[in-house]
Amino acid sequence: MTDTRFDPSQADARWQRAWEEAGTFHADSNSPRPKSYVLEMFPYPSGRIHMGHVRNYTMGDVLARYKKMRGYEVLHPMGWDAFGMPAENAAMEKGVHPGGWTRENIANMKAQLKRIGFALDWSREFATCDPEYYGHEQALFLDLYEAGLVYRKESTVNWDPVDMTVLANEQVIDGKGWRSGAEVEKRKLSQWFLKITDFAEDLLDGLGALENWPDKVKLMQENWIGKSSGLEFSFELSNGESLPVYSTRPDTIFGASFVAVAADHPLAQSAAMNNCDAAKFIEQCKRGGTTAAELETAEKLGFDTGIGAKHPFTGKHLPVFIANFVLMDYGTGAVMGVPGHDQRDFEFATKYGLPIVRVIAASPEAAGEPLSEADTGDGVCVNSGFLDGMSVEAAKAAVNARAESEGWGRGTTVWRLRDWGVSRQRYWGTPIPFIHCDGCGVVPAPKDSLPITLPDDVDFKTPGNPLLRHPTWKHTTCPKCGGAAERETDTLDTFVDSSWYFLRFASQPADKPFDREEVAKWLPVEQYIGGIEHAILHLLYARFWTRALQHIGQLDFAEPFGSLFTQGMVTHETYSRRTDGRTTYFLPAEVDRSGNGAVLRDDGQPVEIGRVIKMSKSKKNTVDPDNIIDTYGADAARWFMLSDSPPERDLPWSEAGIEGCGRFVQRLWRLFGQYDPAAQSEDAQYDKALSRKLHQTIAAVAEDVEALNFNKAVARIYELTTAAEKAQPSAARSEAIAGLMLLSSPMMPHLAEEAWERAGFAKNSGGLIAEANWPEYDPALLVEDEVTIAVQVNGKLRDTEVVAKGTDRAELEAIAVANTKVQAILSGASPKKIIVVPDRLVNIVT
RNA sequence: GCCUCUGUGGCGGAAUUGGUAGACGCGCUCGACUCAAAAUCGAGUUUCUUCGGAAGUGCCGGUUCGACUCCGGCCAGAGGCACCA
């Protein structure tokens with residue numbers, strides 16, 4: 001019998017074809033239905049879909065299918081974040097063209113996604129490496145330039161002196177270039193920036209209105225934007241100059257024992273001119289990576305310039321250091337060092353023998369308490385002249401007021417957020433549409449010259465930017481003077497590409513980036529789903545870009561994503577070997593983990609087992625879903641992704657559960673086969689219980705799916721399945737079986753379609769279950785009429801009692817006191833207190 | 001180092017948000033069916049126990065009649081830290 005087993009290898013493809021032929025998931029912008037835009041973060045086409053993608057897109061898919069069943073016109077599109085470094089790496093390693101490599105990957109991954117049966121509107125697909133896409137991006141960039149939101153300035157990059165190329169942070173390993181192994185240097189380059197700081201206040205304020213964003217994401221963004229108020233003031237220096245510094249803790253000014261400037265601060269530069277030791281120290285600071293993590297964990301080093309700074313209150317001379325932990329990008333690039341109340345300053349002062357003074361203490365009496373580490377707690381000012389006895393807050397205000405009235409400083413707001421550097425010295429990205437002319441300077445490319453496309457004939461045999469050394473590409477004429485000029489050879493950060501792709505999904509006009517009317521119909525995105533790793537950068541950039549477009553009058557809203565859901569990552573341990581100081585990673589599929597350790601299947605030799613971390617291409621700890629679909633079918637894979645783990649939490653990958661999911665698919669299939677509309681009830685009481693279970697499940701699954709609590713919805717479906725299996729044939733049972741088909745259809749759409757058809761619904765209603773309505777529930781059936789209450793003595797459970805729902809307090813108390821186990825414990829003593837929570841418990845306190 | 005999370009049986013996790021800890025699933029054990037296997041079905045499965053109970057949600061302490069849930073302090077792991085996407 002063919003229908004005793006569900007055969008995904010037949011059914012999956014069959015229904016995928018049926019949906020495609022019926023145009024089931026085609027989003028019609030002229031539909032009278034209410035609209036819903038469900039979007040998952042589009043993937044980088046790395047080559048293969050991995051489990052993180054499957055998890056992400058399955059969640060979105062369930063929601064999209066559910067919304068459709070609830071009567072929405074759903075836009076659920078897919079595309080490709082197709083520019084980026086891995087394509088260039090592949091070009092260098094395998095000699096393939098980044099474009100060809102990317103296109104091939106897209107084709108493979110699209111085929112993989114199609115096998116999983118996602119309810120996507122493929123007619124809206126595009127890749128960011130399409131000239132039709134990035135040409136419009138160039139136009140938008142020029143629009144922002146005209147609005148004054150784009151500028152150039154010098155900024156630091158990682159420079160590999162052997163390969164003569166700029167390295168991404170990821171390519172710097174232990175301060176060395178990943179290919180050359182050369183010690184990386186910091187180098188300044190003139191680069192393009194977007195003025196995200198113009199929107200800092202607005203981006204911060206906007207978080208308040210994002211009710212359906214996770215608090216943790218809003219908090220992370222808030223901290224990232226980092227609004228702080230403090231004092232900007234100037235030290236008079238012994239060389240007659242003045243040095244502006246910024247501090248968020250002016251209340252600790254009496255504890256200042258040194259002043260420190262960044263290595264690239266003008267003062268440091270001029271010190272280097274007169275002093276070769278200073279120059280050497282600055283050179284030393286240039287070594288190592290540029291990341292905040294590296295700077296902050298590196299040993300605190302300084303160089304005493306010999307210059308003195310005059311303390312504005314005490315007149316004491318403070319030594320001025322050049323220090324490797326001061327950032328030129330934040331504040332004024334110079335700080336006052338207060339070792340008593342800042343841990344970095346404390347470490348620095350300890351190392352260089354500088355005074356450490358307590359100026360904040362829990363109470364005035366504790367002024368003399370020694371410090372073994374920086375005290376960053378609250379308290380009152382001590383050892384601080386006129387500030388003594390003031391609270392931290394009062395002292396801040398008092399210092400600011402004195403500085404302002406005496407004219408040597410002022411209270412200011414400083415942001416941690418820096419402008420967005422978008423220049424990349426790489427080939428595989430959107431060319432920045434500017435032209436460098438010796439006579440006219442930097443000139444925007446005329447809009448009618450867009451798209452400025454990438455040349456195809458590039459080579460990756462030598463490191464560095466192929467655009468820069470291409471024989472002809474950069475040569476052009478100046479749009480202003482007509483003279484010979486050169487194109488900008490930097491390309492845009494790929495975060496620019498992902499900052500507006502969601503607008504392009506609304507429609508794809510040829511002559512403009514997006515159609516305003518279509519955007520108005522679909523946007524903002526109703527539900528955006530993606531990895532928590534994008535909590536700050538991508539989401540902040542997209543919010544900024546949307547605001548910037550609103551600012552220049554191209555959009556009518558500021559926030560692109562109404563609701564955000566950040567899923568946890570699919571994680572796996574890593575397998576690696578180190579040879580010649582380089583680490584090679586291996587795929588889980590290449591590794592035999594059956595013994596105690598792990599060995600490579602190829603040579604039987606052990607590999608090192610690394611930590612359980614997010615699946616990523618660079619660490620090769622990815623699992624390919626194709627094998628799982630081959631073995632168990634798309635529905636089992638989808639079900640597995642939704643089961644068990646709460647979606648916001650990380651999911652450590654294991655193969656163990658998938659088999660059970662495959663069994664459940666068959667179990668449901670057998671149950672669905674028992675659908676019998678003619679079945680008659682024999683036991684009305686029993687029927688009512690099953691009917692109640694069905695209606696409770698309908699309500700609960702809807703609620704769970706809307707909250708994206710898929711693991712809970714899955715558990716409900718299991719429970720109803722078990723109840724239906726155990727029930728005798730009856731009308732209620734058939735109703736439950738039909739209900740289960742509908743409830744499980746967003747999660748296991750192929751199985752549901754097959755069962756729907758077999759049960760005759762497709763013929764009767766003339767449609768697909770994907771186009772059916774979500775079942776209604778009867779609110780009257782949700783309420784139970786009996787509840788089990790806990791009987792506790794001193795908070796410990798002693799027994800339970802079944803009572804009618806809504807039994808009043810007095811009666812509950814009487815039942816509990818009369819309970820034999822309670823009587824045994826009380827043994828005649830009378831309780832001190834009895835706490836009654838109706839429908840829940842009675843607690844007897846002795 | 002900084003910011004944000006997470007921590008519950010052998011495993012993934014549930015717990016109506018302060019009210020019966022371990023729902024549901026995986027795995028395992030035993031049983032039924034079978035010549036046998038697979039599949040399927042049934043029972044059991046936190047730990048200890050003198051079988052009365054006792055302990056138990058990363059660790060230490062606190063609030064409460066009652067704490068996985070709230071508060072304080074630690075520990076461990078993950079994500080992000082501006083050129084991975």
Side-chain angles (χ1 to χ4, degrees), chain A residues 4-5 41 43-44 46 81 83-86 157-158 166-172 191 196 214-217 219-224 226 290-298 325 329 343-344 347 416-426 493-495 498 531-538 540-541 566 568-569 571 611-614 616-618 640 643-646 648-652 654 656-661 663-664 666-667 670 711-712 714-719 722 725 788-800 832-835 837 840-846:
Chain A
T4 53
R5 272 193 81 75
M41 292 178 185
Y44 177 79
S46 59
D81 188 13
F83 276 136
M85 243 181 12
V157 294
N158 300 306
V166 176
L167 298 178
N169 287 333
E170 191 189 51
Q171 297 172 317
V172 180
Q191 309 203 65
I196 190 172
D215 287 338
K216 62 177 170 182
V217 174
L219 198 55
M220 280 190 262
Q221 293 212 353
E222 189 183 322
N223 291 335
W224 185 262
T290 57
T291 69
E294 281 173 301
L295 294 175
E296 284 174 43
T297 50
F325 63 89
D329 292 321
Q343 190 57 29
R344 282 174 309 185
E347 286 168 32
R416 210 188 74 99
L417 182 69
R418 306 199 299 260
D419 275 337
W420 177 12
V422 293
S423 279
R424 297 293 181 270
Q425 294 71 38
R426 278 187 256 285
D493 178 5
T494 57
F495 275 127
S498 54
I532 182 67
E533 68 270 28
H534 294 292
I536 298 176
L537 293 181
H538 161 59
L540 191 65
Y541 290 145
T566 52
M569 280 161 297
T571 57
R611 289 175 168 180
V612 176
I613 55 169
K614 77 160 167 168
S616 77
K617 197 176 164 62
S618 61
F640 184 48
S643 306
D644 296 354
S645 264
E648 70 280 5
R649 205 151 344 146
D650 286 352
L651 174 64
S654 86
I658 182 71
E659 215 177 299
C661 292
R663 276 205 297 270
F664 183 65
Q666 299 302 336
R667 208 177 126 196
R670 283 193 300 275
N711 57 320
K712 293 189 198 172
V714 162
R716 308 273 189 195
I717 289 173
Y718 274 122
E719 284 180 23
T722 306
E725 279 171 342
T788 306
I789 62 157
V791 178
Q792 300 179 332
V793 177
N794 294 329
K796 277 190 180 172
L797 181 73
R798 293 300 167 180
D799 206 356
T800 57
K832 268 192 202 140
K833 191 171 169 186
I834 298 177
I835 287 142
V837 183
R840 233 188 262 300
L841 60 75
V842 179
N843 186 16
I844 295 160
V845 185
T846 56

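So you know, we letter chains A, B, ... as the sequences are listed, proteins then strands, and number each from 1.
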Q: Find the partner of B:A82: check Watson-Crick (N1-N3 plus N6-O4 or O6-N4) and G-U wobble (N1-O2, O6-N3) distances, both under 3.5 Å, and reply none if neither fits.
A: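 Result: none.
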
Q: How long is the line joining NZ of A:K833 and P of B:G66, in whole Å?
A: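 Atom NZ in A:K833 sits about 9 Å away from atom P in B:G66.
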
Q: Looking at A:R649, does any N or O in its side chain come under 4.0 Å of the phosphate oxygens OP1/OP2 on B:G7?
A: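 Checking B:G7 against A:R649, a side-chain N or O does come within under 4.0 Å of OP1 or OP2.
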
Q: Please name all residues satisfying ring pair (Phe, Tyr, Trp, His ring centres under 6.0 Å) with A:Y44, sequence neighbours left out, ordered by chain then number.
A: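 With sequence neighbours excluded, A:Y44 shows a ring pair (Phe, Tyr, Trp, His ring centres under 6.0 Å) to no residue whatsoever.
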
Q: Any protein N or O atoms within reach of nucleotides 47-55 of chain B? Criterion: under 3.5 Å, listing atom names and distances.
A:
residue, atom, partner, partner atom, Å
B:A55, OP2, A:K796, NZ, 3.0

Q: Looking at every strand, decide which applies to A:V157 at a 4.0 Å heavy-atom threshold: base, sugar-phosphate, or nothing.
A: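 It contacts base atoms.
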
Q: Would you classify A:G421 as touching base, sugar-phosphate or nothing, given that sugar-phosphate means primed atoms plus P, OP1 and OP2, and contacts are heavy atoms under 4.0 Å?
A: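 If one applies the 4.0 Å heavy-atom cut-off, A:G421 turns out to touch the sugar-phosphate alone, with no base involved.
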
Q: Taking only nitrogen or oxygen atoms into account, show me every contact under 3.5 Å that the protein makes with nucleotides 68-72 of chain B, one pair per line with its distance.
A:
none

Q: In Watson-Crick or G-U wobble terms, both distances under 3.5 Å, what is the partner of B:U50?
A: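 Paired with B:U50, as far as the under-3.5 Å criterion goes, is no nucleotide at all.
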
Q: If the cut-off is 4.0 Å, is A:T494 near the phosphate of B:A85, judged by side-chain N/O to OP1 or OP2?
A: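 Yes, because at least one side-chain N or O of A:T494 sits under 4.0 Å from OP1 or OP2 of B:A85.
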
Q: Is the distance from OP1 or OP2 of B:G13 to the nearest side-chain N or O of A:K712 less than 4.0 Å?
A: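 For A:K712, the contact criterion (side-chain N or O under 4.0 Å from OP1 or OP2 of B:G13) is not met.
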
Q: For the side chain of A:L651, starting at C-beta, report the closest nucleotide among B:G12, B:C24, B:G79.
A: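 Given the options B:G12, B:C24, B:G79, the side chain of A:L651 is closest to B:G12.
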
Q: With a 4.0 Å cutoff (strictly under), does any side-chain N or O of A:R663 reach OP1 or OP2 of B:G27?
A: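 Answer is yes, contact under 4.0 Å.
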
Q: Closest approach to the side chain of A:S645, judged atom by atom: which nucleotide of B:U4, B:G13, B:C81 is it?
A: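 So the side chain of A:S645 is nearest to B:G13.
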
Q: Does B:A38 have a Watson-Crick or wobble partner in any strand here, with both distances under 3.5 angstrom, and which is it?
A: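 The base-pairing partner of B:A38, which may sit in any strand shown, does not exist here.
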
